[in-house]
Amino acid sequence: MLKKITGWLLLVVLSTPLAVCAQTKSLRQVYEQVNAAVVVIRTESSVPSGKGGFVSDEGLGSGVLVSADGKVMTASHVVQTADRVEVLFSDGQRSLAKVISSLVRADVALLQLEKPPKGIAPARLGDSDQARVGDPVFVVGAPYALYHSLTSGHLSARRALKETLSGGVPVEFLQTDAAINSGNSGGPLFNMDGQVIGIVSHIHSRSGGFEGLGFAVASNVAVKSLLQLRAFW
């Protein structure tokens, strides 16, 4: 009896690392499929200097290419005060962009690139209503200007707000424990099928850094308000 139990335990110990490796490989493969569609967004804004004039202020965020003709989704707060918006791709391509739609209450915005990228497929937009608490998810963005960084975790909760947008679109945020920091704003929250199910919005933090409470606007909210209803800003 002891030999059988020992053999069973050995099988569990040996099989566990293999399962972990398989999961890691799967995440790596999905990241490699979607990374090219993730962008870095640089902005320049004119802000009061306090001396009666204005000075240039630079900002940094993330976004995701969602159409072949050069439309990019990001967070509204990344671009809402920008005088100049530049979008950078992982292969070195770059383009100026203009804001064609923005919803401050939902914190989502849509950009149109002046020069759509060559050879880069847009990310697929998923149905966020199908996401469930406990599902594995990951974020790709530029935390602290570390471009195309991946962080992974799970869908922690769904947070629906009481207010609705024009057209009756409800506002919903997906909560995640995937690490989110400054520079991640506007970046995509992916499911393990490589579909965008959220656009990173904000964190809840007492320290100023990530404490396990990150929030992304549900993709269905972004799609309905930016691509279907086209709420112009």
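This is a predicted model, so every value here is computed, not measured.
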Between [Y] and [X], is the closest basic N to carboxylate O distance under 4.0 Å?
X    : Y    : result
R105 : D107 : no
R158 : E172 : yes
E86  : R94  : yes

Are F190 and I197 packed together at the side-chain level, in the sense that at least one heavy-atom pair is separated by less than 4.5 angstrom?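 Heavy-atom side-chain distance check fails, nothing below 4.5 Å.
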May I ask you to decide if the ring planes of H202 and F173 are parallel, tilted or perpendicular, using 30° and 60° as cut-offs?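 H202 and F173: perpendicular rings.
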Ignoring hydrogens and geometry, is there a side-chain-to-backbone donor-acceptor pair from [X] to [Y] under 3.5 Å?
X    : Y    : answer
S219 : G126 : yes
N220 : S128 : yes
S67  : K71  : yes
D135 : R132 : yes
R124 : D193 : yes
S62  : A142 : yes
T74  : A109 : no

Taking atom types as modelled and ignoring hydrogens, do the side chains of D83 and S46 form a donor-acceptor contact shorter than 3.5 angstrom?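 Yes.
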Determine whether the side chains of Q112 and K98 contain a donor N or O and an acceptor N or O closer than 3.5 Å.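 Result is no, nothing qualifies.
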Check for me, please, whether [X] and [Y] land in the same ILVMFWY cluster - side-chain distances under 4.5 Å, paths through other members count.
X    : Y    : result
F215 : V108 : yes
V171 : L110 : yes
L125 : V217 : yes
Y31  : Y147 : no

Closest heavy-atom contact between [X] and [Y]?
X    : Y    : result
I199 : A75  : CG2-N, 4.1 Å
T151 : A179 : OG1-O, 2.7 Å
A37  : A123 : CB-N, 3.7 Å
L189 : A216 : CD2-CB, 4.0 Å

Residues L65, F89; criterion side-chain contact (heavy atoms from CB on, under 4.5 Å); working and verdict: CA-CA 10 Å; L65 181 71; F89 289 85; 4.3 Å; yes
So CD1 of I203 and CG of N181: to nearest 0.5 Å the spacing works out to 6.0 Å
Calculate, to the nearest 0.5 Å, the distance between atoms NE2 and OG1 belonging to H154 and T176 respectively.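 Separation between the atoms: 9.0 Å.
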